[in-house]
Amino acid sequence: MVPDWRKSFDMERVQALSPRLAWLEEIADTEIHTYLKEALAQTETDGQLFVIPEVPSYRDFDHVIEVAIAVPILRDLRTSFHHKTAVKGIVREFLERKTFNLPMGLPLYFDRIPEGPHARIALGNLARAEVIAAVKKALLPCLQEAITAERRTTEASSPSARPIRLRATRR
């Protein structure tokens, strides 16, 4: 079920990063590994490690977006994880459209990154600490407003929020 607030969330009203972050066209594999280790460190537990694949797939991008950005935003908002899919979608759209100063002719869609070195570079850019921090800072107030507004609407319309009328009984 898509939360009601997501249907009315307008990405056009969200300000792009200013200035936009540079898109690094060359990142050494060791730096990519370091970025990913830092971005995903809080979720690693004994025996469970994120392994950087030779050829990153959509699933790897989705995992970084979820673990490094969406889940921490939900924790900061102290809200339910049933918003996770909606928040991930907003984060992905913000990353694709409003975060990077992309070189001419380089469209960015994390679900359509070409395989090979371009995918590793894109994954490295996504996992940079300054990218994660800037995206969280930009989206946190907008998401808080949207989710809080939905909560107020839901609470106002729920049967338990309506006043209970008691009938006077005659004795």
Discussion item. Could you work out, with salt bridge (charged side-chain N to carboxylate O under 4.0 Å, His left out) as the rule, every residue matching Glu93, not counting sequence neighbours?
Written reply: Arg6, Arg97

Discussion item. Between Lys98 (side chain only) and Val14 (backbone N and O only), is there a donor and an acceptor less than 3.5 Å apart?
Written reply: yes

Worksheet item: Within the distance-only criterion (no hydrogens, no angle test), does the side chain of Ser8 pair as donor or acceptor with the backbone N or O of Trp5 below 3.5 angstrom?
Response: yes

Practice prompt. Report whether Leu95 and Tyr58 are members of the same hydrophobic cluster (ILVMFWY, side-chain heavy atoms less than 4.5 Å apart, transitive linking).
Written response: no

Item to complete: For Ala119 and Phe61, work out which heavy atoms get closest and say how close.
Response: O-CZ, 3.4 Å

Discussion item. Side-chain heavy atoms nearer than 4.5 Å, only ILVMFWY residues, links allowed to pass through others: does that put Leu140 and Phe81 together?
Written reply: yes

Worksheet, complete the sentence: Rounded to the nearest 0.5 angstrom, the CG-CD distance for Leu139 and Gln15 is 12.0 Å

Response to the item:
Sorted by chain and number, sequence neighbours left out, salt bridge (charged side-chain N to carboxylate O under 4.0 Å, His left out) with Lys88 holds for Asp62, Glu66

Worksheet item: Can you tell me how far the OG1 atom of Thr148 sits from the CD atom of Glu145, to the nearest 0.5 Å?
Response: 8.5 Å

Response to the item:
Shortest non-hydrogen pair, Ile132 vs Ala68, comes out as CG2-O, 3.5 Å

Worksheet item: Quick one: side-chain hydrogen bond (donor to acceptor under 3.5 Å, both in side chains) partners of Glu26, sequence neighbours excluded?
Response: none

Just distance, no hydrogens or angles: give the donor-acceptor pairs under 3.5 Å from side chains in residues 123-131, sequence neighbours left out.
residue	atom	partner	partner atom	Å
Asn125	OD1	Leu24	N	2.9
Asn125	OD1	Arg128	NH1	2.6
Asn125	ND2	Leu24	O	2.8
Asn125	ND2	Ile121	O	3.1
Arg128	NE	Glu130	OE2	2.8
Arg128	NH1	Ala22	O	2.9
Arg128	NH2	Ala22	O	3.3
Arg128	NH2	Glu130	OE2	3.1

Worksheet item: Taking all atoms of both residues into account, what is the closest heavy-atom pair of Ile32 and Arg120, and its distance?
Response: CD1-O, 3.3 Å

Practice prompt. Check whether any side-chain N or O of Thr99 sits under 3.5 Å from a backbone N or O of Phe94 as a donor-acceptor pair, and report yes or no.
Written response: yes

Item to complete: Starting at CD1 of Ile90, measure out to CD1 of Ile69 and round the result to the nearest 0.5 Å.
Response: 13.0 Å

Item to complete: Measure the spacing between CZ of Phe100 and CZ of Arg20 and express it to the nearest 0.5 Å.
Response: 10.5 Å

Worksheet item: How close do Cys142 and Ala138 get, heavy atom to heavy atom, and via which atoms?
Response: SG-O, 3.8 Å

Worksheet item: With sequence neighbours excluded, what pairs up with Gln144 under the side-chain hydrogen bond (donor to acceptor under 3.5 Å, both in side chains) test?
Response: none

Discussion item. Please report the interatomic distance OG(Ser18) to CG(Asn101), rounded to the nearest 0.5 Å.
Written reply: 11.0 Å

Worksheet entry | For Asp76, all residues meeting side-chain hydrogen bond (donor to acceptor under 3.5 Å, both in side chains), sequence neighbours excluded | none

